[in-house]
Visitor: 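Could you have a look at this structure, given as structure tokens, before my questions?
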Amino acid sequence: MLAEVGVATSEEAASFDGFVATRGRALWRSAWLLTGDSHRAEDLVQTALTRTYPHFARIGLDGFEGYVRTAMYRTYLSWWRRKWTAELPGTADPGTTSGPDLDVRHDVRRALAALPRQQRAVVVLVYFDDLTGPQAAELLGISTGTVKSTLSRALAKLRTSPLLTDGSQ
């Protein structure tokens with residue numbers, strides 16, 4: 001009866017906790033690629049999980065990750081309404097230390113941060129989350145053609161980005 005009014009039972013909460021424990025890192029990784037900042041990535045994942053938690057029992061474990069990711073990407077795209085404080089991410093992924101891999105990650109993060117929000121979201125969905133164009137379109141609530149054109153514009157900007165040079169230019 002509690003589940004009928006939107007209050008999760010202890011069994012449902014345990015399943016939700018298990019979902020967060022097993023898939024939370026993957027959600028955070030996608031959020032970090034979108035925001036370029038570990039704290040904003042945490043905020044984005046927490047916001048999406050908070051918004052979707054009441055629907056966990058209805059959706060079930062099998063379809064819940066897609067539901068959370070949809071909420072996460074749509075929330076990210078809606079954050080443009082917030083006043084930008086001109087803060088730029090200043091740290092790399094906290095899971096890394098140093099070396100050439102860190103330099104590449106830092107360059108990719110900076111190049112992604114230079115893209116407009118929708119372009120960045122599409123690049124992350126298609127290239128980092130391995131979604132197809134139609135899947136990304138459904139997740140973002142836009143047409144497949146918009147995904148294709150947005151991805152094309154994003155890739156053109158990334159190709160010419162001075163942040164991603166191979167040193168031969």
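Numbers here are sequence positions counted from 1. The figures here come from the full heavy-atom set of this structure, side chains too, leaving out hydrogens, waters and symmetry mates. Keep in mind that this is a model prediction, so the values were computed, not measured.
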Visitor: Distance from Ile59 atom CD1 to Thr52 atom OG1, nearest 0.5 Å?
Guide: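 Ile59 atom CD1 to Thr52 atom OG1 measures 7.5 Å (nearest 0.5 Å).
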Visitor: So do the side chains of Leu33 and Val124 get within less than 4.5 Å of each other, counting heavy atoms only?
Guide: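 Yes. Closest side-chain heavy atoms under 4.5 Å.
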Visitor: Begin with the C-alpha distance, continue with both residues' side-chain angles, and end with the deciding distance and a verdict on side chain to side chain contact (heavy atoms under 4.5 Å, CB included) for Tyr73 and Leu77.
Guide: CA-CA 6 Å; Tyr73 283 101; Leu77 290 175; 5.5 Å; no
Visitor: Going by atom type alone, with no hydrogens or angles, which donor-acceptor pairs under 3.5 Å involve a side-chain atom of residues 149-158 and a protein atom two or more places apart or on another chain?
Guide:
residue : atom : partner : partner atom : Å
Ser149  : OG   : Gly145  : O            : 3.2
Ser149  : OG   : Thr146  : O            : 3.2
Thr150  : OG1  : Thr146  : O            : 2.6

Visitor: Show the nearest heavy-atom pair for residues Ala111 and Ser161, with the distance to one decimal.
Guide: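 Result for this residue pair: CB-OG, 4.1 Å.
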Visitor: So which atom in Trp32 and which in Ser38 form the shortest heavy-atom distance, rounded to 0.1 Å?
Guide: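 Closest heavy-atom pair between Trp32 and Ser38: CD1-N, 3.6 Å.
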Visitor: Could you report the tightest heavy-atom contact between Leu139 and Gly66, atom names first, then the distance?
Guide: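 Smallest heavy-atom distance, with atoms named: CD1-O, 3.8 Å.
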Visitor: Would you mind reporting whether Gln135 and Leu125 have side-chain heavy atoms less than 4.5 Å apart?
Guide: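 Leu125 does not reach Gln135 side chain to side chain.
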Visitor: Quick one: closest heavy-atom pair of Phe19 and Leu49, and the distance?
Guide: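 The answer is CE2-CD2, 4.1 Å.
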Visitor: Of all residues at least two apart in sequence or in a different chain, which pass the side-chain hydrogen bond (donor to acceptor under 3.5 Å, both in side chains) check with Thr144?
Guide: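 Expected list: none.
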Visitor: Return each pair, listed once, that meets salt bridge (Lys or Arg N to Asp or Glu O under 4.0 Å) where at least one residue sits in residues 118-145; pairs must be two or more places apart or across chains.
Guide: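 Pairs touching residues 118-145 that pass the test: Arg29-Asp129, Arg69-Asp129.
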Visitor: For His39, check side-chain hydrogen bond (donor to acceptor under 3.5 Å, both in side chains) against everything at least two apart and list the hits.
Guide: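 Expected list: none.
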Visitor: Measuring from Leu27:CG to Glu42:CD, what's the distance to the nearest 0.5 Å?
Guide: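 These two atoms lie 13.0 Å from each other.
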Visitor: What are the two closest heavy atoms between Val108 and Phe128, and how far apart are they?
Guide: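 So the two residues come closest at CG1-CZ, 4.2 Å.
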Visitor: So how far is it from Arg58 CZ to Tyr67 OH, rounded to the nearest 0.5 Å?
Guide: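 Reported value, rounded in 0.5 Å steps: 5.0 Å.
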Visitor: Holding to salt bridge (charged side-chain N to carboxylate O under 4.0 Å, His left out), I want the full list of residues that pass it with Arg74, two or more places apart in sequence or in another chain.
Guide: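 If we apply the salt bridge (charged side-chain N to carboxylate O under 4.0 Å, His left out) test to Arg74, skipping adjacent residues, there are no hits.
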Visitor: So, for Thr75 and Ser78, which heavy atoms are closest and what is the spacing to 0.1 Å?
Guide: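 Looking at all heavy atoms of both residues, the shortest contact is O-OG, 2.8 Å.
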Visitor: Distance check, rounded to the nearest 0.5 Å: Tyr76 atom OH versus Ser30 atom OG?
Guide: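 One finds 12.0 Å between OH of Tyr76 and OG of Ser30.
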Visitor: Enter the distance from Glu65:CD to Thr70:OG1 here, rounded to the nearest 0.5 Å.
Guide: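 Taking CD in Glu65 and OG1 in Thr70, the distance rounds to 10.5 Å.
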Visitor: Which value, rounded to the nearest 0.5 Å, describes the distance between Thr35 atom OG1 and Arg117 atom CZ?
Guide: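 The OG1 atom of Thr35 sits 9.0 Å away from the CZ atom of Arg117.
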Visitor: So, using side-chain contact (heavy atoms from CB on, under 4.5 Å) as the criterion, who are the partners of Ala31 when residues are at least two apart?
Guide: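 Testing Ala31 for side-chain contact (heavy atoms from CB on, under 4.5 Å), a comparison that skips the adjacent residues, returns Ala41, Leu44, Val45, Met72.
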